[in-house]
2 protein chains.
Amino acid sequence: MFLSKSFGYALRGVLYIALVDKEGRKVQLDEIAEKLSVPRHFLAKIMKMMVKEGILSSTKGPYGGFYLNEVTLKTKLIQLVKITDGVEQFNICVLSLRKCNSKNPCPLHFQMLKLRDGMLAEFSAKKLGDLLDEKNPDFIKTISTIA
Amino acid sequence: MFLSKSFGYALRGVLYIALVDKEGRKVQLDEIAEKLSVPRHFLAKIMKMMVKEGILSSTKGPYGGFYLNEVTLKTKLIQLVKITDGVEQFNICVLSLRKCNSKNPCPLHFQMLKLRDGMLAEFSAKKLGDLLDEKNPDFIKTISTIA
DNA sequence: CCCATAAAAGACATTGATATCTTTTTAATA
DNA sequence: TATTAAAAAGATATCAATGTCTTTTATGGG
């Protein structure tokens with residue numbers, strides 16, 4: 001409804017790495033996909049996007065895998081949304097009217113604007129690191145249990 | 001992002017009828033589709049859904065068409081969302097976690113809940129009739145201009 | 001009762017998001 | 001430098017949302 005599945009996979013992927021990355025070990029795609037019950041190859045694409053955008057790192061080859069870098073946990077959620085969903089669509093009018101704006105508003109313009117601004121504010125304030133609940137021993141289960 | 005295109009078409013369709021329905025005349029699909037620049041047959045499906053759900057009326061045959069009934073303008077927006085998008089998806093976790101709820105929340109649960117509740121509140125309060133801006137002579141242009 | 005009109009119904013097509021599979025590139029280390 | 005592990009890249013497949021076309025049904029008027 002609000003965001004794509006890709007966004008969810010991306011977020012869960014990063015959080016999973018963060019949780020097992022304590023010792024700095026790299027985490028492999030297979031492990032992430034399996035633990036989170038996410039389609040392996042699809043997840044690969046999404047992880048790749050994050051690496052390309054620099055909010056996550058990876059190395060190929062033996063002992064390779066994905067790992068956090070300096071910016072990972074400081075990354076704002078909105079940044080992740082940009083990568084997976086793009087922010088343009090935040091400005092799309094619910095009624096698909098291209099000329100809809102605050103000067104020439106559609107009947108739902110201000111209501112949707114309020115919602116969007118609320119979401120943008122939330123997602124601009126929160127960082128990935130803020131979502132880690134390290135005091136909760138079952139946190140990893142929380143982001144893994146899909147069914 | 002927030003709602004389907006179908007919702008937008010449905011809303012614009014009803015509003016269009018409301019605007020030209022002053023004299024109680026019925027409005028035909030072709031006119032609505034043309035004026036709103038919406039794919040005719042797709043709009044047909046959506047109008048049909050509204051008729052089936054009783055928030056709009058229609059008659060077939062010569063001089064037939066769509067027209068408002070007693071409930072149309074009293075219909076809450078949320079009702080329209082139910083018809084076009086279904087409300088179930090309002091409760092779907094952004095991270096696609098089925099067991100996500102307030103007792104066992106995903107890392108974004110409460111943020112999304114807040115947004116959802118805000119949207120539900122807005123859409124439960126507003127009626128279709130509330131969206132008619134009869135003082136604005138260009139209102140019909142507003143809901144028609146897509147490009 | 002027949003004709004014309006317009007919605008209803010349902011079959012079919014397209015597209016974009018989601019998902020899978022295969023090949024290529026990179027990197028570690030023996 | 002050969003081997004092998006793992007990500008990167010890209011081709012292909014599936015599915016649901018969106019969009020189009022065709023046939024059927026209902027209705028008003030001649």
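When reading the values below, keep in mind they use all heavy atoms of this one structure, side chains included, and skip hydrogens, waters and symmetry mates. In what follows, chains carry the letters A, B, and so on, assigned in the order in which the sequence lines appear, proteins first and then strands, with residues in each chain numbered from 1.
The pair Lys82(B)-Glu53(B) does not count as a salt bridge, with every side-chain nitrogen at least 4.0 angstrom from each carboxylate oxygen. We find that Arg25(B) and Glu31(B) are joined by a salt bridge, their nearest charged nitrogen and carboxylate oxygen being less than 4.0 Å apart.
Listed nucleotides dT18(D), dA28(C), dT18(C) differ in distance to Ser4(A); the shortest reach to its side chain belongs to dT18(C). Distances from the side chain of Arg40(B) to the nucleotides dA19(C), dG19(D), dA7(C) place dA7(C) closest.
Met49(B) has its CE atom 11 Å from the C1' atom of dT18(D), to the nearest Å. Regarding Leu56(A), its CG atom lies at a distance of 11 Å from the P atom of dA7(D), rounded to whole Å. Computed from coordinates, the Ile46(A) CD1 to dA7(D) C1' distance equals 15 Å when rounded to whole Å. In this entry the distance linking NE2 of His41(B) with P of dA7(C) reads 11 Å, nearest Å. For the pair Leu43(B) CG and dA17(D) P, the interatomic distance rounds to 19 Å; values are reported in whole Å. Put simply, CD1 on Ile32(A) is 12 Å from P on dA6(D), counting in whole angstrom units. Spacing between atom CZ of Phe42(A) and atom P of dT14(D) amounts to 16 Å, rounded to whole angstrom units. Between Lys52(A) atom NZ and dA8(D) atom P there is a gap of 10 Å when expressed in whole angstrom units.
The aromatic rings of Tyr9(B) and Phe42(B) stand perpendicular to each other, their planes meeting at an angle above 60°, with 30° marking the opposite boundary.
Applying the 4.0 Å criterion to OP1 and OP2 of dT18(D), one finds that Tyr9(B) has every side-chain N and O outside that range. Dashed line: the shortest gap from a side-chain N or O of Ser58(B) to OP1 or OP2 of dA6(C) is not under 4.0 Å. Between Ser6(B) and dT18(D) there is a side-chain polar atom (N or O) within less than 4.0 angstrom of OP1 or OP2.
Mapping Tyr63(B) and Lys48(B) onto DNA chain C via the closest heavy atom, the residue that lands nearer the 5' end is Tyr63(B). Comparing Lys45(B) and Lys60(B) along DNA chain D, the residue whose closest nucleotide (by nearest heavy atom) sits nearer the 5' end is Lys45(B).
Annotation: side chain of Leu15(A) is in contact with side chain of Pro107(B) (closest heavy-atom distance under 4.5 Å). Between Asp30(B) and Arg40(B) the shortest side-chain heavy-atom distance falls below 4.5 Å.
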